[in-house]
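Since the structure is predicted, the reported quantities are computational estimates derived from the model, not experimental observations.
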Amino acid sequence: MLNELGKIFIASALINNFVFTRYLGLCIFFGVSKRMETAVGMSMTFTSVMVISAALSWLVYNLVMLPLGLGFLKIVIFIGIVAAFVQAADTILRKISPGLYYKLGIYLVLITTNCIILAVPVINADEKYNFMQALTMGLGSGAGFSLALIIMASIREKLELADVPKVFQGLPIAFVLTGLIALAFLGFSGLIRL
Amino acid sequence: MEAIKKEETLSPKLIVSVGPHVKDEETIQRIMWSVSLALLPSSVMAAYYFGPRALAVMIVSILSALGAEAVTQKVMGKPIAISDGSAFLTGLLLSLNLPSGIPLYLPIIGNVVAIVITKQLFGGLGFNVFNPALIGRALLLTSWPRLMTTWYKPVASLTSLDAITTATPLGVIKEAGAVKGMEELLKQFGSISNMYTEMLIGNRAGSLGETSIIALLIGAAFLLYKRYITWHIPFSFLATVAVLSWVVGVKDPVTGNISFFTGDPLLSLLSGGLILGAFFMATDYVTVPVLRRAQIAFGIGCGLLTILIRRFGGYPEGVCYAILLMNCFTPLLDRWFKRRKFGFVKERK
């Protein structure tokens, strides 16, 4: 059991890292990885939203949708669940921690339509994971995304000083860099066979 | 009037310039060519064991690296600096990481990716995030996995054109499992002491430059003596691999149980590209941390990932990917190991 969960965690964080091997969630990835500070804040927000939305959608999918035979509606319903939850989080954060809200509010809105947040519940549903497995999958994907963000932010901060050709400054070099990191992450392939 | 004139003709006593004010004979050029020189024994051994084909791979690789560097610098309007030796070294290192029997367009593609995309796009020498030669190799391995893992038996003749394919020691172990693989290796080499001797000299299948451990160690000793590299990364890297390969031990292919503390550290050190990677590629100034403590962490990380990939991953050899992955963490390591300034209080939020 624990072994299985560990495998799911490592597989979703490293081997099938959403950014570097599935190329999902790139808009947030490039948007917040310019500064370390925002990257760290984003990773924390993202991971918590990911875990909670994975749990919520698992509950709805297995307790409501499957008994009613509504499995085919999963994309629509998952988007609804995530959007509602993020909106709630947004409101709560604005009340509780205005400082964090002003830093991350705009990204919290971005998370609503993020592809990873949608991909995790869909993968959980397709793989017929149980509740703990679904939670681990969410946590692993969040950790993998955070790792990607923090690595990227640290390198991009260093690249600010680099003599990058003018046409490649900013986003283009960030895309090239992501490609190269993805090449390095290929080393993890085949590490675990689920 | 007279006095001012006199003062003008004298050379200025006080020279104001930006630091660092180090007056030394060491230049980029000198270091790059010295590292290339340190790779000379390995190159000679590669040419000896793998024949003229190896020589062709090395020459094509070096020429394409120099060509790619010159063309990119010309296009970008920078001064052409192929004489600084860094492109030469990249080309040489990449060729030493390739098997001898590959078609000659592979090193050209690898070098163009290494020089243009990995180095020049990021601003040239000093700004690249990844080791160019290793990115070149990783790309070739991903794109042409079959060609890049067809290894040849050493022929030990400068003129022979015969080539027999075989598996590397690590490949044998990956394929057959640790216990069976070891038996096969013993069959191949005769006795265990003979196996270690042959591996030290380089009489085994593998990439061009990785096989001859003796030649690599001569080069590494030269670099250590000249202080072009320090012990921190190579030794923490090698020690981690040695200890972990002993601890993790061998996995029984039938039951899947791992018997701990039974591994063979010497075999892990001598096989694969570990020595080449640890001394010549994990010590690249640009892509590793600056701080000594961070360098030790870097070496340990490389060792961990190497064992992880070798034992549990999809590839028989993990040194290349381990170094590339740790290259990603270089800025983070430098940040984490930064010494706290005296009297500096952490800012409160």
Side-chain angles (χ1 to χ4, degrees), chain A residues 3 6-7 10-11 14-15 17 19-21 33 36-37 39-41 43 97-100 103 146-170 172-193, chain B residues 72 75-78 113-114 116-132 134-143 145 174 286-287 305-306 308-336 349:
Chain A
N3 200 359
K7 274 185 179 175
I10 292 182
L14 297 178
I15 304 159
N17 187 297
V19 176
F20 295 134
T21 56
S33 61
M36 190 53 124
E37 208 184 356
V40 171
S43 349
S97 164
L100 196 62
K103 249 179 216 155
S146 311
L147 179 74
L149 259 184
I150 289 171
I151 289 179
M152 190 68 180
S154 69
I155 299 179
R156 278 181 85 176
E157 282 194 355
K158 202 175 152 189
L159 272 187
E160 299 264 296
L161 304 171
D163 180 22
V164 178
K166 204 166 179 203
V167 286
F168 274 97
Q169 276 168 12
I173 200 70
F175 269 90
V176 175
L177 182 60
T178 311
L180 294 183
I181 302 178
L183 198 57
F185 264 68
L186 276 180
F188 285 126
S189 64
L191 209 56
I192 286 175
R193 284 177 199 91
Chain B
T72 338
V75 168
M76 296 192 344
K78 286 183 177 176
V113 171
V116 180
I117 297 181
T118 320
K119 201 170 85 178
Q120 294 297 343
L121 277 193
F122 284 85
L125 182 65
F127 298 116
N128 46 314
V129 180
F130 293 98
N131 189 316
L134 285 178
I135 285 282
R137 181 181 190 273
L139 181 104
L140 294 180
L141 186 59
T142 320
S143 314
K174 192 93 191 179
V286 183
T287 55
L305 288 169
T306 302
L308 192 71
I309 294 171
R310 275 189 185 178
R311 284 297 150 92
F312 307 107
Y315 298 104
E317 174 57 316
V319 171
C320 161
Y321 285 110
I323 300 175
L324 282 178
L325 282 167
M326 288 313 289
N327 282 166
C328 303
F329 288 97
T330 295
L332 270 184
L333 285 174
D334 261 340
R335 180 190 283 260
W336 283 337
K349 290 255 164 76

Chain B contact via [X] - side chain, backbone, both or neither, heavy atoms under 4.5 Å:
X      : result
A:E157 : side chain
A:M152 : neither
A:L159 : side chain
A:L14  : neither

Indicate the atoms forming the closest heavy-atom contact of [X] with [Y], along with that distance.
X      : Y      : result
A:L177 : A:R156 : CD2-CG, 4.4 Å
A:A148 : A:N17  : CB-OD1, 4.3 Å
A:L180 : B:F130 : CB-CE1, 3.6 Å
A:L186 : B:Y315 : O-CE1, 3.6 Å

Check the pair A:F188, B:L325 against side chain to side chain contact (heavy atoms under 4.5 Å, CB included), reporting the backbone distance first and the verdict last. CA-CA 10 Å; A:F188 285 126; B:L325 282 167; 3.6 Å; yes
Can you say whether B:L305 sits under 4.5 Å from chain A via the side chain, the backbone, both, or neither, judging by heavy atoms? side chain
Among A:D163, A:I173, A:I15, single out the residue with the greatest number of heavy-atom pairs under 4.5 Å to chain B. A:D163
Chain B contacts, top residue of A:A184, A:S189, A:P172, A:A153 (heavy-atom pairs, under 4.5 Å): A:A184
So A:V164 and B:L121, do their side chains get closer than 4.5 Å, heavy atoms only? no
Counting heavy-atom pairs under 4.5 angstrom with chain A, the leader among B:L332, B:L324, B:V113 is B:L332
